[in-house]
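All remarks here apply to the structure that follows.
As a basis for the values below, the full set of heavy atoms in this structure was taken, side chains included, without hydrogen atoms, waters or symmetry mates.
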Amino acid sequence: MCNPSARSAFFVIFLAAAATVRAGAAPDFGPNVAIFDPSMSKQAIQEQLDSVFRTQERSQFGPGRYALLFKPGTYSLDANIGFYTQIAGLGLTPDAVTINGFVRAEADWSGDNGTVNFWRDAENMRVDPPGGRDRWAVSQAAPFRRMHIHGNLQLDPRGHGWSSGGFMADCLVDGEASSGSQQQYITRDCDLGSWSGSVWNMVFVGVQGGPTQHFPNPSHTVIDQAPVIREKPFLCLDAAGNYQVFVPALRTNASGTSWAKQAEAGTCLPISQFFIVKPGATAAQMNAALAQGLNLLITPGVYHLDETLMVNRPNTVILGLGLATLVLDKGIYGMRVADVDGVKIAGLLFDAGPVSSPIMLQVGPAGSKANHAANPTSLHDIFTRIGGAGVGKAGASVVINSNNVIVDHTWMWRADHGDGVGWSENTADYGLVVLGNDVTIYGLFVEHFQKYNVIWGGNGGRTYMFQNELPYDVPSQMTWANGAHQGYAAYKVMDNVTTHEPWGLGSYCYFTADPGMVVDHSFEAPDKPGIRFHDLLTVSLNSRGTIAHIINSAGDPAGGRGTHPQYLASYPDGQ
């Protein structure tokens with residue numbers, strides 16, 4: 001249903017002032033949003049797409065941010081998507097916008113090496129590719145959502161160059177989805193004609209038409225249903241051409257897409273209930289809008305925050321377009337969410353500044369106790385970066401204190417390349433810290449943190465697919481001493497936890513300073529009846545270091561000569 005709640009007269013006046021738009025007209029979304037209509041010239045649309053791609057193809061750490069939005073209708077075009085670019089349809093379903101052509105991501109710029117094809121996004125469109133095959137050859141932080149591919153989908157670069165992603169959710173692929181040389185991948189709540197391919201770690205949750213459970217050769221981890229999920233909110237048009245944000249309803253025991261076989265449940269929020277954040281907006285302006293009861297629609301841009309964004313109202317929606325980026329100046333917290341129901345945060349990149357931030361994103365204050373099972377907070381396509389675009393420092397990327405939080409795709413990255421990179425330059429101890437109970441994560445990518453990449457202290461936690469690289473740049477074994485242990489585990493479950501269950505976990509080492517480095521294990525957990533791990537692997541990339549065990553003292557060492565994964569089907573009763 002799309003019936004927003006009534007507002008007081010004062011609030012209606014404030015909302016009208018925030019976004020005064022005549023019916024069917026586009027609000028001012030700022031300079032970096034392009035909106036296309038099927039009546040426009042094919043050539044004009046193609047020239048604009050090509051211009052954005054030329055700017056963004058190699059701009060791995062550049063300032064450009066773009067959203068390419070298509071009104072319902074049919075288009076003939078070739079959309080090659082580069083860094084910090086979002087392409088999306090504005091229909092209520094993907095089939096409302098048909099692209100006769102391609103919506104693709106290639107790795108031509110890096111010699112078919114897609115392992116650095118980060119930070120791009122395709123959503124809510126139908127694609128009819130000439131020749132029957134589209135390509136989305138990406139790695140981390142490049143979601144493919146609510147897409148309908150009328151044909152086949154290739155997920156690796158031409159020539160089977162490497163890629164190291166990725167994430168696909170709520171998609172319909174009529175033909176075959178092929179992972180090719182993808183090292184790891186998570187597919188959630190999709191309908192597929194078929195699937196082919198496996199390298200190290202392929203995870204399928206609620207996928208119809210996917211493979212059956214088989215680990216490790218091929219390494220297909222299959223979970224029939226997503227126990228609890230809310231799809232990502234998205235900008236769209238109603239039947240009268242008015243802009244709104246659709247917030248999908250919570251689903252339990254979900255399998256297949258939310259939209260292809262039934263009417264999708266959810267709530268439509270009119271654009272008048274959003275403060276539209278445009279380049280040049282300040283944190284004070286965003287906080288004032290939040291305090292007045294508005295949601296935030298953050299348009300493409302790089303925003304320097306000199307005060308923490310405070311989210312205190314239940315059901316607040318914060319939606320970023322075009323990889324909108326929040327740079328944390330002055331060592332502040334980037335965003336703090338109260339222990340309230342139903343907050344939705346989506347499509348944002350948090351970038352650490354040169355003064356260390358204690359926490360980049362905090363969900364719930366320390367000691368949060370409320371039960372949010374009926375209306376959980378959810379995070380969708382939330383990315384954090386420490387270094388790479390310049391010197392950045394943080395204590396932890398994301399800390400979740402609230403209960404029942406859903407995380408639907410995240411990449412937390414302490415940079416291993418780019419500017420401001422070095423053991424004493426881009427410092428960060430922890431990637432993700434979970435202290436709330438009953439937190440569920442789909443697609444957890446966390447890399448290169450200097451202590452624990454993930455540390456989990458709440459009960460009832462579930463992770464579906466974990467990808468990790470340990471820090472490359474550890475100067476010496478002594479530098480990385482951890483009490484009686486050599487090095488820090490990638491994923492640690494704390495001793496107080498009694499129930500925890502993850503599926504499909506991979507951790508890799510590549511120690512550049514000292515290839516003789518050893519870490520005792522990548523996974524660490526107390527031995528208790530309610531803690532069970534499924535389908536684990538470790539890899540030493542090009543034999544640069546050794547992971548002595550997979551979890552605790554179980555599993556053979558990954559190291560020696562070549563790149564050879566070590567597998568463990570389950571723990572504690574591994575085989």
Result of checking T93, D95, T257 against H148 for side chain to side chain donor-acceptor pair (under 3.5 Å): D95
Geometric cation-pi criterion R385 and F350, 6.0 Å radius, 45° cone: no
Heavy-atom closest contact (I87 atom, A79 atom, distance): CD1-CB, 3.6 Å
Partner of K278 by side chain to side chain donor-acceptor pair (under 3.5 Å), out of D28, T299, N32: D28
Close side-chain approach of V277 and M286, heavy atoms under 4.5 Å: yes
Side-chain donor/acceptor of N124 to backbone N/O of G89, under 3.5 Å: yes
With L250, the side chain to side chain contact (heavy atoms under 4.5 Å, CB included) member among V228, I229, N375: V228
Short N-O contact, E123 and K232, less than 4.0 angstrom: yes
Aromatic ring proximity, centroids under 6.0 angstrom, W411 and F118: yes
Ion pair check, D381 and R145, cut-off under 4.0 Å: yes
Ring centres under 6.0 angstrom apart (F70, Y75): yes
Side-chain touch M335/T308, heavy atoms, less than 4.5 angstrom: no
Test: E307 and K330 ion pair at under 4.0 Å: no
Charged N-O contact under 4.0 Å between R188 and D408: yes
Donor-acceptor contact present, side-chain R104 to main-chain D134, <3.5 Å: no
Salt-bridge criterion met for E447 and R414 (N-O under 4.0 Å): no
D329: partners by side-chain hydrogen bond (donor to acceptor under 3.5 Å, both in side chains), with sequence neighbours left out: H304
Single hit among I400, T410, L379 for side chain to side chain contact (heavy atoms under 4.5 Å, CB included) with L361: L379
Partner residues of F449 under the ring-ring contact (aromatic ring centres under 6.0 Å, His included) criterion, sequence neighbours left out: none
Taking every non-hydrogen atom, the tightest pair across P72 and L237: CD-CD1, 3.8 Å
